[in-house]
Amino acid sequence: MTVFILLACLGGVLVGLSRQLNGRLSISTTPLIASFWNHAVGFAVLTCLGLFVGGLLPAGAAEAPWYAYLGGSIGVVFVAAGSWAIARIGAVNAALLIIGGQMVTGVAFDYATAVPTSFWANATGIILIIGGMMLSRRRRKAGGSQ
């Protein structure tokens with residue numbers, strides 16, 4: 001279990017590092033160029049890893065529905081938007097915005113697909129997310145004016 005926890009922590013550190021590098025590259029160039037290099041390097045590394053380890057093209061990939069491949073296009077937009085946001089609002093605020101957006105979108109998807117959920121637990125979670133973001137914004141404004 002410890003190995004998996006350490007792998008999850010390493011994944012989080014690498015995602016944070018990737019966002020920082022993309023944000024810095026976005027400042028030097030543009031968010032689209034940062035997104036391009038993010039995906040080009042990721043494609044090269046994952047292709048080499050897939051060829052080395054095996055399973056580059058898993059069985060059943062051709063039978064997957066067309067919408068299963070929309071993740072790549074959504075990923076390009078997500079990385080470009082993240083690079084743009086980091087350059088303007090900072091890495092921590094961009095990370096909070098991303099996490100909050102993912103949580104609220106997850107609740108919306110649960111309701112859209114009729115997954116049994118607790119309304120009060122979801123509503124409380126969304127209120128806490130929005131309240132935390134508003135509190136963070138108010139403290140930043142108050143700290144900047146003094």
Side-chain angles (χ1 to χ4, degrees), residues 1-117 121-141 143-144:
M1 183 66 131
T2 304
V3 172
F4 295 117
I5 293 171
L6 291 174
L7 284 174
C9 291
L10 176 65
V13 168
L14 292 176
V15 167
L17 179 63
S18 172
R19 287 190 181 143
Q20 287 287 344
L21 290 171
N22 284 338
R24 180 67 192 125
L25 183 58
S26 174
I27 291 169
S28 301
T29 59
T30 67
L32 288 178
I33 291 173
S35 178
F36 169 78
W37 283 110
N38 178 69
H39 286 87
V41 171
F43 175 76
V45 169
L46 290 176
T47 299
C48 291
L49 187 65
L51 289 172
F52 178 72
V53 174
L56 180 62
L57 296 174
E63 289 81 33
W66 65 270
Y67 54 83
Y69 297 100
L70 288 178
S73 302
I74 294 169
V76 169
V77 173
F78 182 80
V79 170
S83 298
W84 178 85
I86 288 172
R88 280 151 185 81
I89 64 173
V92 173
N93 288 328
L96 290 173
L97 184 63
I98 290 167
I99 293 167
Q102 288 174 338
M103 295 176 100
V104 172
T105 303
V107 170
F109 280 161
D110 285 347
Y111 281 112
T113 58
V115 172
T117 59
N122 289 339
T124 303
I126 290 173
I127 289 169
L128 287 172
I129 291 168
I130 293 170
M133 294 176 127
M134 290 172 60
L135 181 63
S136 170
R137 185 168 170 88
R138 186 175 354 156
R139 284 188 179 167
R140 191 175 38 227
K141 282 184 180 178

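Counting from 1, the numbers follow the sequence of the chain as shown.
In terms of the side-chain contact (heavy atoms from CB on, under 4.5 Å) criterion, residue partners of F109 (sequence neighbours excluded) are, by chain and number, T105. Every residue two or more places apart in sequence or in another chain that forms a side-chain contact (heavy atoms from CB on, under 4.5 Å) with A121 is listed here: S118. F52 pairs by the side-chain contact (heavy atoms from CB on, under 4.5 Å) definition with nothing, not counting sequence neighbours.
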Going by atom type alone, with no hydrogens or angles, which donor-acceptor pairs under 3.5 Å involve a side-chain atom of residues 35-47 and a protein atom two or more places apart or on another chain?
residue: S35; atom: OG; partner: V76; partner atom: O; Å: 3.3
residue: N38; atom: OD1; partner: S18; partner atom: OG; Å: 3.4
residue: N38; atom: OD1; partner: N22; partner atom: ND2; Å: 3.3
residue: H39; atom: ND1; partner: S35; partner atom: O; Å: 2.8
residue: T47; atom: OG1; partner: F43; partner atom: O; Å: 2.7

Scan the side chains in residues 25-32 for donor-acceptor partners under 3.5 Å anywhere in the protein, sequence neighbours excluded, and list what turns up.
residue: S26; atom: OG; partner: S83; partner atom: O; Å: 3.3
residue: S28; atom: OG; partner: R24; partner atom: O; Å: 3.3
residue: T29; atom: OG1; partner: L25; partner atom: O; Å: 2.7
residue: T30; atom: OG1; partner: I33; partner atom: N; Å: 3.2

Check against side-chain contact (heavy atoms from CB on, under 4.5 Å), L10 and L14 = CA-CA 6 Å; L10 176 65; L14 292 176; 4.0 Å; yes
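Rounding to the nearest 0.5 angstrom, the gap separating the CD atom in Q102 from the CG atom in L97 is 10.0 Å. Annotation: the span from L128 atom CG to L135 atom CG amounts to 11.5 Å, rounded to 0.5 Å.
Judged as a side chain to side chain donor-acceptor pair (under 3.5 Å), the pairs with a partner in residues 121-134 (not counting sequence neighbours) are, in order, Y111-N122, T117-N122.
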